[in-house]
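Just so we're clear, the structure is a prediction, and the values are computed from it rather than from any experiment. The figures that follow rest on heavy atoms only: side chains count, while hydrogens, waters and symmetry mates do not.
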Amino acid sequence: MLILYLNNVSIMDPEGIVIRIKTPAGDMDSSVDSPSLLNFNDLLVAIRDVMPEATVTAFEYEDEVGDRITVRSDEELKAMLSYYFNTMNEQRMNGLMPDPLQIFPRAGKTPGIRNIHGLKVNTRPNPANDCTHAVQDTMASNSLKKSSAELKRILTNGQINAQDIHYQEQLGHGNGGTVYKAYHIIGKRVLAVKVIPLDITVELQKQIMSELEILYKCDSPYIITFFSAFFVENRISICTEFMDGGSLDVYKRIPEHVLGRIAVAVVNGLTYLWSLKILHRDVKPSNMLVNTRGQVKLCDFGVSTQLVNSIAKTYVGTNAYMAPERISGEQYGIHADVWSVGISFMELALGMFPYPQPLQLLQCIVDEDPPVLPVSQFSEKFVHFITQCMRRQPKERPAPNNLMDHSFIIQYNDGNAEVVSMWVCRCLEERRAQEAQGRV
Ligand code: ATP
Ligand code: MG
């Protein structure tokens with residue numbers, strides 16, 4: 001037998017325990033052989049496996065008088081186990097079979113508040129700016145991973161019909177469309193469905209559908225999974241993986257050690273897209289999504305020129321994350337995405353957009369020296385990374401390989417998803433607590 005020391009109480013390890021996860025669909029028992037090795041994150045992963053549709057960020061247990069106690073960290077997990085082992089010992093001493101440890105997952109709401117800059121200028125899309133060809137030829141050629149047989153399977157299995165989708169709450173509204181959380185009844189899967197009204201000909205609809213085909217082939221842990229797209233009347237619906245942490249624009253200032261891991265994922269995602277000769281063209285915090293598993297994925301990249309142009313015809317606008325050369329209507333390439341990485345991460349680090357607001361004219365991004373992160377608050381590597389990404393001359397910004405090899409990225413490229421996971425869970429918990437307070 002093992003002796004466990006939890007919260008300074010020595011406890012006899014009971015050679016495994018049974019944890020009963022109480023879900024709306026019923027109880028799920030799971031046995032834990034070595035409770036001493038159990039950590040909060042492992043348990044959360046186990047809960048999510050039995051409740052894939054819910055956003056679980058914490059769970060509760062009941063104390064001896066039936067009060068619910070929340071567990072959100074390893075420390076609180078230890079306290080729960082300590083309490084449970086004591087109860088178990090008492091039950092044993094009284095000749096009783098110990099009850100399983102009952103836990104009640106706390107499923108949260110998806111974040112909905114957003115800070116939108118709402119910046120618009122009258123720049124129409126410039127056909128000369130369609131610069132897929134500007135992507136460097138030196139890049140690795142198309143590295144599509146899936147075989148055609150597999151692709152066929154995906155196309156058949158992946159087909160989603162409008163009538164099989166149950167729309168739930170609205171997740172947000174952007175420049176072109178509205179995003180809903182939805183449930184695909186047949187696939188038993190939660191989706192994010194972006195619905196964009198488009199008054200275009202059937203010919204253009206077909207062109208968009210064929211341009212979107214490349215999304216089926218995108219296969220990267222740093223890119224949102226695409227399931228299907230379809231037109232119903234004059235609306236296109238694009239079904240993708242749902243990310244329960246939402247987009248980064250809703251988070252306040254993000255600590256550097258978390259931001260570093262997020263940057264690694266973003267740079268990996270962009271490098272993957274660039275290797276497929278796809279420019280993202282809309283890198284910004286609202287297009288970086290996170291989940292409670294600590295994954296970070298890019299969405300809304302411009303694979304369909306026709307779709308981008310059709311949206312732009314209805315919603316004339318552009319955003320403040322665009323590189324100076326794009327604002328000036330010049331040719332642009334990968335380096336424009338790199339600028340957008342720089343300005344996005346600067347905003348996420350500071351908790352505010354780095355140019356003065358309201359931004360009357362994007363012209364100041366073209367004319368003025370780019371802002372620099374305060375060296376007193378951030379590491380030298382981070383400051384250097386942002387400064388390099390935000391060089392006014394596109395060619396002076398890091399190219400894909402240099403970006404991956406930057407010391408800031410190398411430092412945080414440790415595969416530690418737990419840092420982001422814990423941070424997302426904590427932020428969602430805080431948001432929930434604030435919402436609850438607001439309701440009282
Ligand atoms: P813009 O249209 O100017 O690019 P945007 O990115 O904020 O702005 P949308 O792309 O329409 O607008 O997205 C609206 C919001 O929906 C996002 O900010 C995000 O919070 C949420 N959202 C989008 N896709 C997903 C997803 N896959 N999972 C969870 N939330 C999502
Ligand atoms: Mg978006």
Requested in this report: Supply the atom-to-atom distance Asn39 CG to Asp74 CG, rounded to the nearest 0.5 angstrom.
Outcome: 5.0 Å
Query raised in the report: Do Tyr272 and Tyr222 pass the ring pair (Phe, Tyr, Trp, His ring centres under 6.0 Å) test, and can you show the C-alpha distance, the side-chain angles, and the key distance before you say yes or no?
Result: CA-CA 8 Å; Tyr272 176 77; Tyr222 310 107; 8.8 Å; no
Query - Polar side-chain atom of Asp337 near backbone of Arg281 as donor-acceptor pair, under 3.5 Å - result: yes
Query raised in the report: If you measure from the Lys or Arg side-chain nitrogens to the Asp or Glu carboxylate oxygens, is any gap between Lys284 and Asp249 under 4.0 Å?
Result: no
Requested in this report: Without swapping roles, check the side chain of Arg253 against the backbone of Leu348 for a donor-acceptor pair under 3.5 Å.
Outcome: no
Query raised in the report: Passes side chain to side chain donor-acceptor pair (under 3.5 Å), Glu76 versus Thr70? Steps please.
Result: CA-CA 8 Å; Glu76 288 170 349; Thr70 306; over 6 Å; no
Report task. Compute both the distance and the angle, then confirm whether Arg68 meets the cation-pi test with Phe104: under 6.0 Å from the six-membered ring centre, within 45 degrees of the axis. Result -> yes
Requested in this report: Work out which heavy atom in Met209 is nearest to a heavy atom in Ile236; give both atom names and the distance.
Outcome: SD-CD1, 4.5 Å
Report task. Determine the sole option in Ser344, Ser286, Pro285 for which the side chain to side chain contact (heavy atoms under 4.5 Å, CB included) test with Leu248 is passed. Result -> Pro285
Query raised in the report: Centre of Phe59's six-membered ring, under 6.0 Å away, within 45 degrees of the axis: is that where NZ or CZ of Arg106 sits?
Result: no
Query raised in the report: If you round to the nearest 0.5 Å, how far is CZ of Arg72 from CG of Leu77?
Result: 13.0 Å
Report task. Salt-bridge test for Lys194 and Asp300: reply yes if a basic N is under 4.0 Å from a carboxylate O, no otherwise. Result -> yes
Requested in this report: Would you check if the side chain of Arg397 reaches a backbone N or O of His335 as a donor-acceptor pair within less than 3.5 Å?
Outcome: yes
Requested in this report: Tell me, with the steps shown, if Tyr61 and Tyr83 meet ring pair (Phe, Tyr, Trp, His ring centres under 6.0 Å).
Outcome: CA-CA 10 Å; Tyr61 65 100; Tyr83 160 76; 5.7 Å; yes
Requested in this report: Verify the distance criterion only: is there a donor paired with an acceptor across the side chains of Thr178 and Gln170 at less than 3.5 Å?
Outcome: no
Query raised in the report: Does the pair Glu241/Arg189 count as a salt bridge with the N-to-O cut at 4.0 Å?
Result: no
Requested in this report: Could you tell me whether His406 and His384 have their ring centroids closer than 6.0 angstrom?
Outcome: yes
**Report entry** Residues Asp244, Asn291; criterion side chain to side chain donor-acceptor pair (under 3.5 Å); working and verdict
**Finding:** CA-CA 5 Å; Asp244 63 5; Asn291 65 20; 5.2 Å; no
**Report entry** Arg431 charged N/C atom sitting above Tyr251 aromatic ring, 6.0 Å / 45°
**Finding:** yes
Requested in this report: Please determine if Glu435 and Arg432 form a salt bridge, counting it only when a charged side-chain N lies under 4.0 Å from a carboxylate O.
Outcome: no
Query raised in the report: Would you find more than 12 non-hydrogen atoms of other residues, nucleotides or ligands less than 6.0 Å from Met28 atom CE?
Result: no
Query - Backbone N/O of Glu330 and side chain of Ser328: donor-acceptor pair under 3.5 Å - result: no
Query raised in the report: So, for Phe353 and Tyr321, is the gap between ring centers shorter than 6.0 Å?
Result: yes
Query raised in the report: Atom CD of Glu418 and atom CG of Leu44: how far apart are they, to the nearest 0.5 Å?
Result: 10.0 Å
**Report entry** Electrostatic pair Glu347-Lys252, nearest N-O below 4.0 angstrom
**Finding:** no
Query raised in the report: Taking 4.0 angstrom as the limit, do Arg392 and Asp369 come out as a salt bridge?
Result: yes
**Report entry** Nearest-0.5 Å distance, CD of residue Glu396 to CZ of residue Arg391
**Finding:** 4.5 Å
Report summary line: Interatomic distance, CD@Glu62 vs CE@Met80, rounded to 0.5 Å, equals 12.5 Å
Report task. Answer yes or no: does atom CD of Glu380 have more than 12 heavy-atom neighbours from other residues, nucleotides or ligands under 6.0 Å? Result -> no
